[in-house]
Amino acid sequence: MKILNPAEWAKPKGYANGIAAEGRLVFVAGQIGWTAEARFESDDLVEQTRQALRNIVRVLAEAGARPEHIVRMTWYVVDKKDYLARNADLGKVYREIIGKHYPAMTLVQVAALLEDRAKIEIEATAVIPPA
């Protein structure tokens, strides 16, 4: 895996501008902040993010992938202001679950998510390197 950040660009914080990778692709559908039993335990953005990231790691494990294999994430939030206000807490949760690996990321504010209580949905793509 090679991080792609053009030398003349400012270094991004918390994401990569691009990643080049070879291997087996793993696509993780958008995960929200509910448990394996499809129950929300919190309406807090940070706690829902923690659970969504745990869900991603669990799905990755089904393919033999780990968080460091993630090459791309798209985050959908219903409240950009809440996201920005909680950025430090979100970063802490991200590092707790994913580590210090920062793939190419996009953040999109949406009017709503399918599940009314969902504050965030995150989808991921991973590449498991060849053996």
Side-chain angles (χ1 to χ4, degrees):
M1 182 177 308
K2 179 181 178 188
I3 304 296
L4 306 173
N5 288 315
E8 69 275 14
W9 289 14
K11 185 175 179 182
K13 184 176 181 181
Y15 68 95
N17 285 303
I19 293 182
E22 291 183 28
R24 188 168 60 126
L25 298 174
V26 180
F27 301 94
V28 180
Q31 298 297 307
I32 58 176
W34 64 13
T35 64
E37 297 80 27
R39 282 190 231 120
F40 287 97
E41 293 182 344
S42 175
D43 289 320
D44 177 70
L45 173 63
V46 174
E47 290 308 312
Q48 285 196 13
T49 300
R50 176 180 278 116
Q51 185 62 53
L53 291 171
R54 285 179 179 154
N55 295 344
I56 287 169
V57 170
R58 181 65 185 97
V59 173
L60 289 173
E62 285 294 302
R66 297 184 306 274
E68 62 268 23
H69 296 137
I70 298 170
V71 295
R72 180 167 183 71
M73 298 177 97
T74 303
W75 296 48
Y76 302 93
V77 297
V78 295
D79 187 342
K80 178 179 104 173
K81 289 180 183 176
D82 190 19
Y83 176 90
L84 293 172
R86 307 290 304 278
N87 199 276
D89 294 329
L90 291 164
K92 183 178 178 184
V93 165
Y94 179 90
R95 289 184 299 279
E96 170 191 318
I97 307 297
I98 304 298
K100 291 186 178 182
H101 170 67
Y102 303 106
M105 289 194 211
T106 300
L107 175 72
V108 180
Q109 178 176 298
V110 295
L113 294 166
L114 185 61
E115 294 297 327
D116 290 334
R117 287 182 66 186
K119 307 275 185 181
I120 189 163
E121 184 167 338
I122 306 170
E123 61 183 18
T125 304
V127 178
I128 302 171

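Numbers here are sequence positions counted from 1.
Between Tyr83 and Trp75, the ring planes lie perpendicular to each other; the angle is over 60°, past the 30° to 60° tilted range.
Pairing each heavy atom of Gly23 with each of Pro130, the nearest pair is CA-CD, 3.9 Å. The two residues Phe40 and Gln48 have their closest heavy-atom pair at CD2-NE2, 3.6 Å. In terms of heavy atoms, Gly18 sits closest to Ala104 at CA-CB, 4.2 Å. In plain terms, the two heavy atoms of Ala65 and Val26 that are nearest each other are CB-CG2, 4.5 Å.
For Glu115, the salt bridge (charged side-chain N to carboxylate O under 4.0 Å, His left out) test picks out no residue, with sequence neighbours left out. A search for side-chain hydrogen bond (donor to acceptor under 3.5 Å, both in side chains) contacts involving Arg117 returns Asp43, not counting sequence neighbours.
Under the 3.5 Å distance criterion, the side-chain polar atoms of Gln31 are left unmatched by any main-chain donor or acceptor of Asn55. Proximity of a side-chain donor or acceptor of Asn17 to a complementary backbone N or O of Asn5 within less than 3.5 Å is not detected. With Arg50 contributing its side chain and Val46 its backbone, the two residues share no donor-acceptor pair below 3.5 Å. Glu47 contributes no side-chain N or O that, together with a main-chain N or O of Ser42, makes up a donor-acceptor pair within less than 3.5 Å. A donor-acceptor pair under 3.5 Å is absent between the side-chain atoms of Arg58 and the main chain of Ala36, judged by distance alone.
When hydrophobic clusters are built by joining Ile, Leu, Val, Met, Phe, Trp and Tyr residues whose side-chain heavy atoms come closer than 4.5 Å, directly or via intermediates, Ile97 is grouped together with Ile122. Hydrophobic clustering of Ile, Leu, Val, Met, Phe, Trp and Tyr side chains at less than 4.5 Å, counting indirect connections, unites Val57 with Val28. Linking Ile, Leu, Val, Met, Phe, Trp and Tyr whenever their side-chain heavy atoms come within less than 4.5 Å leaves Trp9 and Leu4 in two separate clusters. If you chain together hydrophobic residues whose side chains sit under 4.5 Å apart, Ile98 and Leu45 fall into the same group. Residues Val93 and Val78 fall into different hydrophobic clusters, defined by Ile, Leu, Val, Met, Phe, Trp and Tyr side chains chained together at heavy-atom separations under 4.5 Å.
Glu41 CD to Arg39 CZ: the interatomic distance, rounded to the nearest 0.5 Å, is 8.0 Å. Atoms CZ and CG, from Arg95 and Leu53 in turn, are 12.0 Å apart once rounded to the nearest 0.5 Å. For the atom pair OG1 (Thr125) and CG (Leu60), the distance works out to 9.5 Å, reported to the nearest 0.5 Å. Between atom CG of residue Leu84 and atom CG of residue Leu107 there is a gap of 7.5 Å, rounded to the nearest 0.5 Å. For the atom pair OH (Tyr94) and NE2 (His101), the distance works out to 6.0 Å, reported to the nearest 0.5 Å. Here the CD-OH distance, from Glu123 to Tyr76, works out to 4.0 Å after rounding to the nearest 0.5 Å.
In this structure the side chain of Lys13 never reaches within 4.5 angstrom of the side chain of Tyr102, judged on heavy atoms. Side-chain contact between Pro129 and Met1 is absent, with no heavy-atom pair separated by less than 4.5 Å. In this structure the side chain of Met105 never reaches within 4.5 angstrom of the side chain of Ile70, judged on heavy atoms. Put simply, the side chain of Arg86 does not reach to within 4.5 Å of the side chain of Thr49, judged on heavy atoms. Side chains of Arg66 and His69 form a contact here, defined as non-hydrogen atoms less than 4.5 Å apart. Side-chain contact between Met73 and Pro103 is present, with heavy atoms from C-beta onward closer than 4.5 Å.
When the shell of 6.0 Å around CG of Leu114 is examined, it contains 12 or fewer heavy atoms from other residues, nucleotides or ligands.
The existence of a salt bridge linking Glu96 and Lys92 is excluded, since no basic side-chain nitrogen approaches an acidic carboxylate oxygen closer than 4.0 Å.
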Verdict with supporting geometry, Arg54 and Thr35, side chain to side chain contact (heavy atoms under 4.5 Å, CB included): CA-CA 9 Å; Arg54 285 179 179 154; Thr35 64; over 6 Å; no
